[in-house]
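The block underneath contains the structure these notes are about, expressed in structure tokens.
Since the model is a prediction, treat every value here as computed from it, not as a measurement.
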Amino acid sequence: MSRPAGRGPRRLTRWWRRRSLRTRLTVIAATAIAVSVFMAFQVASELLDWELRDTAEEQLRADSRVLATTAQRAGLAQVRLPPYPGSGRLVRVILPDGSTRTPAGQPALPPVSEHAWRVAQGASADLMESDDSDDGYLVYTLRAGDGAVQVARVADDSPINQFGFGMLLIGLLCVVGGALVGRTVARTGLAPIDRLTAAAVRVAHTRELDADIPDEGGGEIRRLIQSINDMLAALRDSRLAQRLLAEDAAHELKTPLTSLRLNVELLIRLDRRGTLDSALPAESRTRLLNDLGAQVAELSTLAAELTDLARGDVSDENTELLDLADVVGAAATRARSRVPDIEVALDVTSVWVSGRPAALQRAVLNLVDNAGKWSPADQPVQVRLRAEGASAVLEVDDAGPGIDAADVPRVFDRFYRADSARALPGSGLGLSIVQRVVDAHGGRVTVARSARGGALLRVGLPAAAPPAPAARLTDGEGTAVR
């Protein structure tokens, strides 16, 4: 059964990815040196072979010229050929009749080739050729008289082999040395990474986010360490915010829960004794039940605001182009349905923004609810919306006592309530949610004193180009919502 194509490369890729960076660098360094040594060996071998062959050919030509000169003087048939000494060059005389003469004791040369016969017959002056036999002769043929002389040499590959063996040893040493150097360089270069990893592991195991990782190294390592320290700082801030949120939530939940528990326990005790009707007149019982309903409503509102605040972002809804006047009108209507006694006077102009409708409506509703707590019964909450340059400006003011200068810096803090607001219903989360929504939309919310003496909360949001150039007035512009 054949293996699926590509399984081998994928397996090798998986194996390579499982190796550590230090191992990868070591392998890459050793491989690079091995390839470099191999390429250098190939080039040097070719150069050495070319140089040795050129030297051998020049020597054969010189020996052939000496032998040809002697043969021309004495004649090809009478020239003296000394006995073969046992090593060195090989000679052969080609006579005009096609026969040959060789020194006594000399090994047999390959047969005279057709091209060599042509030299002997005068077709060409000389010829350098290589023999393909096992001995590998290099033969040079030179025209002499009516025939030719040949000088041959056995091709000697021993210098090349010795050079190759030496290069192999050098290559192995270079590869081993390169691997060691690569390992050392990798270990030295990755030492900050190792310390960074150890610090991150320590933070993960101990859950301690207070200790910053020492800033060492340079370039990419320093930027990485700074990024991780910034991340730890953000985690510390997030943990602190979570702890403060939990502590503040527990504190705010304690009061309504205590009151609710006492009232419920009172009803349970009276009911168990059978004295509920006698001990608690109808008017008192109605007042107690209303208190229970108000406390439950307060707890529900607080739970909803805590959930909204703990999400970390404004909403999951998408950003869209919308008319802020419609959002303000819808928020005023909701405020009227929640608190029938509240009176809202709208003075709004169509201003388009890019935002999340539900989040913006919740912010406007919180502003109106907050103003409604302080406005006297005969004074409406005034809501104004207009365009100022490239911004949409929303103002909500009331005729209440206003915000003390000492409370202004903390008015948008979570759960913060001024001393004068302790007796009023609320969780202290409304304005905090407003600020978060406005910040998420790239705007700004500020607080000041209204011309009527109360609080003036101003929201500025980036305006957007409307889908149609004509501005319009909302249906409730200039009217009061009762």
Side-chain angles (χ1 to χ4, degrees), residues 305 308-309 311 313-338 342-372 374-375 380-399 402-403 408 411-412 429-452 454-481:
E305 290 177 337
D308 186 61
L309 196 63
R311 284 177 181 170
D313 58 358
V314 173
S315 173
D316 293 333
E317 60 179 333
N318 294 326
T319 300
E320 59 184 72
L321 188 64
L322 51 91
D323 190 347
L324 193 57
D326 295 336
V327 175
V328 173
T333 302
R334 285 188 60 189
R336 173 66 182 82
S337 65
R338 290 172 53 168
I342 193 173
E343 183 179 352
V344 181
L346 292 181
D347 181 12
V348 297
T349 302
S350 177
V351 184
W352 291 81
V353 298
S354 178
R356 301 177 175 90
L360 289 174
Q361 187 179 130
R362 178 63 182 275
V364 177
L365 180 60
N366 286 352
L367 290 173
V368 175
D369 282 345
N370 181 77
W374 301 99
S375 286
V381 174
Q382 294 185 355
V383 179
R384 297 180 293 273
L385 175 64
R386 64 185 182 277
E388 285 188 4
S391 299
V393 178
L394 172 68
E395 293 180 342
V396 179
D397 76 36
D398 59 71
I403 301 176
V408 170
V411 72
F412 295 107
L429 292 175
L431 294 183
S432 177
I433 293 175
V434 170
Q435 186 180 45
R436 184 166 57 83
V437 172
V438 173
D439 289 344
H441 284 80
R444 186 185 178 198
V445 56
T446 58
V447 60
R449 181 167 291 276
S450 168
R452 297 190 294 166
L456 172 63
L457 286 100
R458 177 193 293 257
V459 174
L461 296 174
R472 65 181 181 85
L473 299 178
T474 61
D475 293 339
E477 180 179 356
T479 62
V481 179

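- Proximity of a side-chain donor or acceptor of S391 to a complementary backbone N or O of V393 within less than 3.5 Å is not detected.
- With sequence neighbours excluded, the residues forming a side-chain hydrogen bond (donor to acceptor under 3.5 Å, both in side chains) with E395 are R384, R386, R458, listed by chain and number.
- Taking each heavy atom of I342 and A335 in turn, the nearest pair found is CG2-O, 3.6 Å.
- Across all non-hydrogen atoms, the minimal contact from G460 to V438 is O-CG1, 4.4 Å.
- Residues that satisfy the side-chain contact (heavy atoms from CB on, under 4.5 Å) test with R444, not counting sequence neighbours, are T446.
- Side-chain contact check for L360 versus H441: some heavy-atom pair is nearer than 4.5 Å.
- Going from atom CZ of R362 over to atom CZ of R436 covers 9.0 Å, rounded to the nearest 0.5 Å.
- Of all the heavy atoms in G355 and L322, the pair that sits closest is O-CD2, 3.5 Å.
- Between L457 atom CG and N366 atom CG the span is 11.0 Å, to the nearest 0.5 Å.
- Here the side chains of V396 and N370 are not in contact, with every heavy-atom distance at 4.5 Å or above.
- No donor-acceptor pair under 3.5 Å is formed between the side chain of R336 and the backbone N or O of V344.
- For the pair A371 and V381, the tightest heavy-atom approach, listed with the atom from each and the gap, is CB-CG1, 3.6 Å.
- Between the D397 side chain and the V383 main chain, no donor and acceptor come within less than 3.5 Å of each other.
- Looking only at side-chain heavy atoms (C-beta outward), L324 and V327 come within less than 4.5 Å of each other.
- Closest approach of T319 and S354 over heavy atoms only: CG2-OG, 3.1 Å.
- Taking both residues in full, the closest heavy atoms of S350 and A325 are given as CA-CB, 4.1 Å, listed atom of the first, atom of the second, then distance.
- L346 CG to L385 CG: the interatomic distance, rounded to the nearest 0.5 Å, is 9.5 Å.
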